[in-house]
Amino acid sequence: MMKFFKYPFQKVEKKWLNHWQKSNFKLCQTKDFPKKPKYYVLEMFPYPSGEGLHVGHVENYTAGDIYARFKRMKGYEVLHPMGWDAFGLPAENYAIKMKKHPSEIVKHNIGVFKKQLLKMGFGYDWKREINTTDPKYYRWTQWMFLKLFEKGLAYEKEAPINFCPSCKTGLANEEVTAEGTCDRCGTPVEKKLLKQWWIKITAYAERLLKDIDLLDWPEDVKEMQKNWIGKSNGHQIKFALKDDNNFKIGEIEVFTTRADTLFGATYLVLAPEHPIINQLKDSIQNYYEVQHYITDALQKSELERTDLSKIKTGVEMRGIKAINPANQEAIPVWISDYVLMHYGTGAIMAVPAHDERDFEFAKKFKLNITEVISLDGKEHPLEEAYTGDGVLINSGPFNGLDSKSAQEKIALYVGAKKVTNYKMRDWIFSRQRYWGEPIPIVHCPQCGAVPVPEKNLPVTLPNVKSYEPTGTGESPLAAIESWVNTKCPKCGGPAKRETNTMPQWAGSCWYYLRYLDPKNSKKFVDPKKEKKWLPVDIYIGGKEHAVLHLLYARFWHKFLKDIGAVATEEPFKKLVNQGIILGSDGRKMSKSFGNVVNPDEMVKKYGADALRMYIMFMGPLEDMKAWNTDGINGLSRFISRVWSLYQNQLRLKGKEVKNVELEKVLHRTIKKVTDDTENLRFNTAISALMECLNKMQEKEVKIPKAYLETYLKLLAPYAPFITEELWHELGHRNSIHEEKWPKYNKKYLEQKTFELLVQVNGKLRAKIEAPLNLSQKEAEKLALAHPQVQKFLQNAKPKKIIFVPNRLINLVG
RNA sequence: GCCCGGGUGGCGGAAUCGGCAUACGCGAAGGACUUAAAAUCCUUUGUCCUCUUCGGACUUGUGGGUUCGAGUCCCACCCCGGGCACCA
């Protein structure tokens, strides 16, 4: 009789964690230059918040841990590191509240996180642990900034920041609500113009776009990056401006992707910020009205301006006309906030017949609408803009041409310039905050912005008590005079340090490189190590980083390549996004819904192995899935059943019984678990492990020890604790996690017979056990002899027979 | 509005090449063990007809199509999730 043994998971997990920790996870320590093939498994490193680890982390890191353990057993030298992305707002805000230094809070939170990760059984090479807030780390972030500065890719420019007049502080975008108010006090957020540091990521737009094709990434993430970069090819066309007396008073250049519609351009529209407006002010008859509109528009937040549901507004600059270069027609010039200054030239030619926005605008202000593209070459009354292709009409010498080929011809006709534009904008790199990497620049009244010499890096954050907001919109660092005032590295005169700090993205742009060489004080990474280990073979993390982090990191990496610091073009070869885990009510986990699952409690109640396996069993890694409190019971039960089986087997006396049937099942399981794990289909790998266990406990006989060992190895990446314990109970002294991954033997997968499926008119009517490689003739004979088949054929002869060897026969009557 | 995903039992999901739909797990029902409960073990479990089996009909969001055969391919539509959104 099979006896039930209760699995003492708490005892076992504690025992092995202690054991592994004693050697600082020697098993997971990676050689810099191994003989074995390398494999770099990376998970997006966490921000160590005060909340501790959440289930999303557990999902992300379990997937990575299973994969790293699997690859290691498959014979790779696996690099699987962990670190902390610890600069950023929450730590700073919490520090202000608790009157503690952010670094203390970070240190504490890291302690909590690390303990939780260890309890989950994750195996990292802790010798390579990094922390972005460590001066020894951010020294290199600053060094890279200086390189960007040196190459002209970091520059200063005035830009509006979000500013809360009540809190008297600059706000990060994430602190501004969707309604455009301050997250903390509800006051409407204002804009304040301040000098900001920018990174010229747009210089890399084309390469960032082109190289997306090199990546083994989810299609939607690639698509998102493409859209974000937003390349469009078009033309810049010049329109002469004339006043009421027909004097030429200037010129406006517009950007269009539809030069073929030029004859339909019945007015121009300028962005309210367009500098030419001021130059034209003497000729504008309604200048007061125009000025009023502009002031209004500039006060609006980006959110208000880009609200699509809003009815379009605008004002005409009376007294000024533009000349359409295609037909020399004088057309009105308007100003409207739906035209954006930062894209193209900040001015558009409006073709209301063939652009939805222009159509809407023209209807509202009763402007001319001229149809120039027609599907049938005829003119029609237009109910809405037609944005497709067609044949040109009302276009003088170009009538009858198809719109595609007309584009270049009309462009040539009016002397337009071919231009490529990108939606992507440069990256604002300054934050008015204390808890970030200081930007290593000194502002000298004589020499301007001077880089801090490399030998003086890092520029460390001053360790003072007051890092609360200054009230001016500047960084808290501005108030720390002893730190701010310094000497100019160039002329030696009195100068001030840059007081803005870097955004949280900075440290995460290159952390995957530092893991390769975390202690190097001469270089951020030894180029030989970079060459050996990059690119990252698999990068696992949340989709929320689909654009920003992943685009910044790709840019940063390409820049490092250009200065010869790395040899690879792209940092992350394969990307995988784990899906969000929702609460059991199907809503996003949140304190206010009370549906948050605490991993610590789950580990306490069910053990880490059960939690790991449940989270992987819930569904495909990339899918969104809802937590089910009962679900984890099933995996807890599975773990117990494994335990019981092995305890029974260890106690069973007598001879091992060779079991051909079980052997077949085992080898099928090896194949299935190997393939599924390789392809990150952990949920189906686990069900295969369950099926195999069901088979093993079906009969109460002594199973050969070799089978029991093989099964444990298959389970080891998933449940590292119980497998280690049982491996030792089977008499081994080494760790199961350094064992070789089992191979299946094809001979056990081969079948001598198969189940012939017999269909009549496509419907399954019988299943017949038949020898493999049965011929069609024999199959027919077998099928026709079956009473069920005769019944449905009604003794008629089949008109047609479909035969799929070793699978089915379909008799069509 | 545009661009991606997706829709399969009471629930999470499986079906990897167009060939047994519903694997595996949860839940539920019945039983064994127990004074009892928990735990554990066994049986049943898509819907309907026949309710005794044998068996049959139907079933992968909806409607059409291609095919000997469709969850899988094609067309149209409905619904859900995500991303982008005045980028000319």
Side-chain angles (χ1 to χ4, degrees), chain A residues 1-6 218-224 226-228 230-232 234 254-258 261 265 269 305-310 312 336-340 342-351 354-358 360-361 387 421-425 543-544 546-547 579-580 582 584 613-614 617-620 622-635 637-638 640-641 644 672 675-676 679 681 683-691 693-694 697 755-764 767 788 791 798-804 807-813:
Chain A
M1 182 67 197
M2 253 281 273
K3 220 183 127 193
F4 174 71
F5 290 87
K6 198 167 160 47
E219 280 310 313
D220 57 338
V221 174
K222 294 209 260 184
E223 200 59 34
M224 277 161 79
K226 281 183 192 168
N227 292 338
W228 185 266
K231 180 180 180 171
S232 57
V254 302
F255 173 74
T256 179
T257 54
R258 292 296 301 268
T261 63
V269 190
R305 255 185 86 168
T306 57
D307 180 6
L308 249 178
S309 58
K310 181 193 76 173
K312 288 194 174 27
S336 174
D337 62 4
Y338 83 90
V339 176
L340 307 170
H342 58 74
Y343 185 76
T345 60
I348 60 155
M349 63 180 215
V351 185
H354 306 292
D355 181 285
E356 283 162 32
R357 299 150 298 180
D358 298 344
E360 186 195 331
F361 194 82
T387 56
N421 270 322
Y422 300 91
K423 279 192 218 173
M424 185 168 67
R425 294 197 250 173
K543 197 164 275 174
E544 65 272 22
V547 178
I580 301 172
L582 304 169
S584 52
M613 291 194 77
Y614 172 58
F617 185 67
M618 287 172 78
E622 309 215 12
D623 284 10
M624 185 188 277
K625 21 195 186 248
W627 185 268
N628 176 354
T629 317
D630 291 322
I632 192 169
N633 270 322
L635 275 296
R637 239 174 264 170
F638 167 73
S640 303
R641 273 169 42 221
S644 268
K672 178 86 178 140
D675 291 350
D676 284 353
N679 294 300
R681 289 190 296 253
N683 55 331
T684 47
I686 292 171
S687 52
L689 287 164
M690 287 171 167
E691 277 175 278
L693 180 74
N694 290 345
Q697 61 182 186
E755 210 169 40
L756 178 71
L757 304 176
V758 183
Q759 296 181 335
V760 177
N761 292 324
K763 288 202 173 174
L764 186 71
K767 297 177 189 178
Q788 273 295 104
K791 181 177 151 196
K799 290 194 188 93
K800 194 173 171 186
I801 294 172
I802 312 287
F803 179 65
V804 184
R807 202 182 290 266
L808 68 80
I809 185 160
N810 187 6
L811 310 171
V812 185

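Computed from heavy atoms alone, side chains included, the values below leave out hydrogens, waters and symmetry copies. Throughout, protein chains are lettered first and strands after them, A, B, ... in sequence-line order, and every chain is numbered starting at 1.
Distance check on atom C1': B:C73 versus B:U60 gives 16 Å, rounded to whole Å. When the P atom is used for both B:U59 and B:U47, the distance is 16 Å, rounded to whole Å. Rounded to whole Å, the separation between the P atoms of B:G18 and B:G27 comes to 36 Å. Distance noted for atom P between B:G71 and B:G65: 15 Å (whole Å). Taking atom P in both B:C75 and B:U66, one finds a spacing of 15 Å when rounded to whole Å. Separation of the C1' atoms belonging to B:U52 and B:U35 is 39 Å when rounded to the nearest angstrom. As rounded to the nearest Å, B:G9 and B:U72 have P atoms that lie 15 Å from one another. Remark: the separation of the C1' atoms in B:A21 and B:G5 is 23 Å, to the nearest Å.
To the nearest 0.5 Å, atom CD of residue A:Q759 and atom CD1 of residue A:I809 are 10.0 Å apart.
At least one side-chain heavy atom of A:W627 sits less than 4.5 Å from a side-chain heavy atom of A:Y614. Between A:M349 and A:V351, the closest side-chain pair of non-hydrogen atoms falls below 4.5 Å. With contacts defined as side-chain heavy-atom distances shorter than 4.5 Å, the pair A:L635/A:M690 qualifies. You'll find the side chain of A:N628 stays beyond 4.5 Å of the side chain of A:S584, heavy atoms only. The shortest distance between side-chain heavy atoms of A:L764 and A:L757 falls below 4.5 Å. When side chains are defined from C-beta on, A:F5 counts as touching A:K3, because their heavy atoms get closer than 4.5 Å.
Put simply, A:R637 has no side-chain N or O that comes within less than 4.0 Å of OP1 or OP2 on B:A39. For B:A88, the OP1/OP2 oxygens have a side-chain nitrogen or oxygen of A:Y343 closer than 4.0 Å.
The residue A:K423 sits close to a base: some heavy atom pair falls under 4.0 Å. At a threshold of 4.0 angstrom between heavy atoms, the contacts of A:S232 are confined to the sugar-phosphate backbone, with no base atom among them. Residue-level contact check: A:V339 touches the bases, meaning some heavy atom is under 4.0 Å from a base atom. Looking at heavy-atom distances under 4.0 Å, A:K6 makes no contact with the nucleic acid at all.
B:C2: Watson-Crick or G-U partner is B:G83, with both key distances under 3.5 Å. Of all nucleotides present, none satisfies the Watson-Crick or G-U wobble test against B:A38 with each distance under 3.5 Å. Both distances falling under 3.5 Å, in either a Watson-Crick or a G-U wobble arrangement, occur for no nucleotide opposite B:A21. Here B:U45 sits opposite B:G27 as a Watson-Crick or G-U wobble pair (both hydrogen-bonding atom distances under 3.5 Å). If you check B:C54 for Watson-Crick or wobble pairing at under 3.5 angstrom, you find it has no partner at all. Across every strand in view, B:G69 sits unpaired, with no contact that passes the Watson-Crick or G-U test at under 3.5 angstrom.
We find that NZ of A:K231 is positioned 13 Å from P of B:A88, with the value rounded to whole Å. Taking atom CZ of A:F5 as the reference point, atom C1' of B:C41 lies 15 Å away to the nearest angstrom. One interatomic measurement links the two molecules: NE2 of A:H342 to P of B:A85, which rounds to 10 Å at whole-angstrom precision. Computed from coordinates, the A:D630 CG to B:G10 C1' distance equals 13 Å when rounded to whole Å. Rounded to whole Å, atom C1' of B:C3 lies 16 Å from atom NZ of A:K222. Between the C1' atom of B:A38 and the CZ atom of A:F4 lies a distance of 11 Å, rounded to the nearest Å. Rounded to an integer number of Å, the gap from A:F638 CZ to B:C41 P is 13 Å. When rounded to the nearest whole Å, the span between CG of A:D355 and C1' of B:C86 equals 9 Å.
The side chain of A:D220 lies closest to B:C4, out of B:G25, B:C4, B:U40. The side chain of A:T256 sits closest to B:A88 out of B:C24, B:C41, B:A88. In the set B:C86, B:G25, B:G27, B:G27 carries the atom at the smallest distance from any side-chain atom of A:N633.
The two residues A:D358 and A:D355 have their closest heavy-atom pair at N-OD1, 3.1 Å.
Between A:A688 and A:G346, the one whose closest nucleotide on RNA chain B sits nearer the 5' end is A:A688. Each of A:D358 and A:N694 was assigned the nucleotide of RNA chain B with the nearest heavy atom; the assignment lying further toward the 5' end belongs to A:N694.
Syn is the glycosidic conformation of B:G9, whose angle stays within 90° of 0. Glycosidic conformation at B:C33 (O4'-C1'-N9-C4 for purines, O4'-C1'-N1-C2 for pyrimidines): anti, more than 90° from 0.
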Notebook entry, point to check: Which letter, B, S or -, goes with each nucleotide of nucleotides 11-21 of chain B from 5' to 3', with contact meaning a protein heavy atom under 4.0 Å?
Noted result: -BSS-B--BB-

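Under the side chain to side chain contact (heavy atoms under 4.5 Å, CB included) criterion, A:N679 pairs with A:R681, sequence neighbours left out.
Note: A:Y343 and A:F255 have perpendicular aromatic rings, judged against thresholds of 30 and 60 degrees for the angle between ring planes.
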